[in-house]
Asks: 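I have a structure I would like to understand better, so I am pasting it below and will then ask my questions one at a time.
Small disclaimer: the values here were computed from a predicted structure and weren't measured. Whatever order the structure lists ligands and atoms in, that order sets their numbers, starting from 1.
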Amino acid sequence: MKRAPYDAIVIGSGITGGWAAKELCERGLRTLVLEAGRDIDPGTDYVEHIQPWQQHFRGWGDRRTLERDQPIQRRCYACDEWSAKFFVNDRDNPYTVAPDQKFEWIRGRQVGGRSIMWGRQVYRMSDLDFEANLKDGHGTDWPIRYADIAPWYDYVERFIGVCGNAEGLDQLPDGRFLPGMALNCAELKVRDALQAKWGRERVLTIGRAAILTENHRGRAACHYCGTCERGCITRSYFSSISSTLPAARATGRLELRPHSTVAAVLHDPRSGLARGVRVIDSRTGAELEFEGRVIFLCASALESTRILLNSTSASFPNGLANSSGELGRNLMDHTMGGGASGRMDGMLDQKSFGNRPNGIYVPRFRNVKNQHPDFLRGYAFQGGAGRSGWGRGSSTPGFGAEFKESLFAQGPWSMGFYGFGECLPRRENFVALDPEVKDRWGIPALRITCKWSDNERAALRDMSVTAAEMLDAAGATNINPYVQDNAPGLTIHEMGTARMGRDRRTSVLNAYNQAHDVPNLFVTDGACMASSGNQNPSITYMALTARAVDHAVGRMKRNEL
Ligand SMILES: Cc1cc2nc3c(=O)[nH]c(=O)nc-3n(C[C@H](O)[C@H](O)[C@H](O)COP(=O)(O)OP(=O)(O)OC[C@H]3O[C@@H](n4cnc5c(N)ncnc54)[C@H](O)[C@@H]3O)c2cc1C
Ligand code: SF4
């Protein structure tokens, strides 16, 4: 049956899809959101207040089921007995990796996408990031600068609610913050030590997080239960379920269709525009088509790229909007896991308050003013301090009644810095369609070719050195520097593969996330990124999405689209 075309179609309902839906609906467009996964009912699906003793496996997880169905997802720290249901089934959603390589692709397939389980850390990028490609020649120049996106960061932060403290650093612009969460006594001690030794060069601040520290737009302030990756019934952290999708729904213009896996975007060679999408009903396998005037791809970086690669036609035999040949190329993720931990003596009369769902942040200090001899770009630290609890029994020597008794008291303070580093955009890191493997719905799977370069490895090594020296400066003892060997993907900041750029010969999208080749097609998830910065990226995706909708609707209203 032929349906009337929608004004807009959004593919995916996660962090970016929710934003696209809200903005399109609020600007008057009748919008269809197609979501591959099931609907979520917070009343029954959210389990943040369920205690381990209420769980069948007491919180240890159903090892056999996880090994069988989620061998990749279970490597993510947040995929446990409570929240495994928010991560994909790896058997239904396969992908392949080039020989001798590893890529841990962590995904969520449900209404809300990964906005349910995400870590909520939000940091703006700066001109240090937007100018990096131009300055050192890796990748292509971003077609925007900080001034282009700053008002959209403001706009997004005001809506979602971001807590944090302003620090006045050029490399990490301040935002529109709700009150920051409190640092605990050990973190304050480390902060003061860094200030004494490095001044404004190395600054320790409380993490900037999309969590409410006061009631905000009908959502309740956080009550520090601390297990956010299991959902949040009080809507205290930003997710599309708690925030953007209700706003879109309130306009009366949203139609959200779960169980709708988009296989391809359909191209009309006469108009040169995308005319709609081909969808597979994930439950029945039925094929459907939906038409729309404008299409927003928000299925997450690699899924959006997969859809475009699978959208072939005589005009675009190598994938839609791929005249540049860059579609799938320049895949990035952040490195993580260079750092150090140490013991902070004293302060035994103090303890931390509740389960603060946030840590500390030390913004980038490498290659801000002076060039490091071993690597380009930078990294930042997350982490925090805490007192060990009764769980330390497995690592603390002792036995008998006295030992057990001692475990009822909290142990000493320890402090850790955990680095997240920038990844250079490189053509050799790419995704393509696997010639043989298909997913459960018959859509070709991705084949991923990706490895860290010497630059990323050198920065990881440096993280362990600088983390240890900061702990030393703060008087920590038993300092343990480390460099983890985490595979690309596991930081869950996969991006690139349909980059923005000034030149249509070397990029897929223009400065407004609009495909150079197909003017009514917009890609606003992480696929658009021309470089990675070292900041957790989702706030940038949100700001770019809102900005792209503003551009698209403006052009539609002027009859240019
Ligand atoms: C444990 C964890 C911690 C994280 N911590 C942070 C953090 O602290 N800060 C940060 O910035 N980022 C963090 N991230 C990353 C963040 O979640 C992602 O960057 C963000 O969700 C990307 O938004 P998105 O809209 O592109 O994709 P998603 O939120 O993943 O949403 C994509 C949606 O598209 C749907 N979809 C996929 N394919 C199709 C298809 N073919 N048809 C229809 N629908 C489709 C999916 O089902 C999904 O609902 C974290 C992620 C995880 C899992
Ligand atoms: S810690 Fe706060 S944001 Fe996280 S689930 Fe609990 S109330 Fe929600």
Asks: Look only at interatomic distance and state if A301 has a nitrogen or oxygen under 3.5 Å from any nitrogen or oxygen of ligand 1.
Replies: no
Asks: Ring centres under 6.0 Å, that's the criterion: do F522 and F296 meet it?
Replies: yes
Asks: Provide the tally of protein N/O/S atoms nearer than 2.8 Å to atom 6 (Fe) of ligand 2.
Replies: 1
Asks: Atom 24 (P) of ligand 1: which protein heavy atom is closest, and how many Å away?
Replies: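 Answer for atom 24 (P) of ligand 1: T16 OG1, 3.6 Å.
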Asks: Between the main-chain N or O of C25 and the side-chain N or O of R253, is there a donor-acceptor pair closer than 3.5 Å?
Replies: yes
Asks: With no hydrogens and no angle check, just 3.5 Å: does a side-chain donor-acceptor pair link Q121 and Y123?
Replies: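 Y123 and Q121 do have a side-chain donor-acceptor pair below 3.5 Å.
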Asks: Return the option from G12, A36, S538 holding the heavy atom at the smallest distance from atom 18 (C) of ligand 1.
Replies: S538
Asks: Could you tell me if the ring centre of W19 sits under 6.0 Å from that of F159?
Replies: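 Distance test on ring centres: under 6.0 Å, yes.
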Asks: Please indicate whether any nitrogen or oxygen in T261 is less than 3.5 Å from any nitrogen or oxygen in ligand 1.
Replies: no
Asks: Using a 3.5 Å distance criterion without hydrogens, assess whether the side chain of D174 forms a donor-acceptor pair with backbone atoms of A166.
Replies: no
Asks: Side chain or backbone of S300 under 4.0 Å from ligand 1, or both, or neither, by non-hydrogen atoms?
Replies: both
Asks: Are Y418 and F420, when compared by the centres of their aromatic rings, separated by less than 6.0 Å?
Replies: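 Yes.
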Asks: Could you tell me whether W118 and ligand 1 have an N or O pair separated by under 3.5 Å?
Replies: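 No.
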Asks: Has the side chain of T31 got a donor or acceptor atom that lies under 3.5 Å from a matching backbone atom of L29?
Replies: yes
Asks: Can you confirm, on distance only, whether ligand 1 has an N/O atom lying under 3.5 Å from any N/O atom belonging to D525?
Replies: no
Asks: Got an N/O contact under 3.5 Å between G526 and ligand 1?
Replies: no
Asks: Examine M117 against ligand 1 and note whether any of their N/O atoms are separated by less than 3.5 Å.
Replies: no
Asks: Which atoms of ligand 2 have any heavy atom of G231 under 4.0 Å away?
Replies: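 Taking each heavy atom of G231 in turn, ligand 2 has 5 (S) under 4.0 Å.
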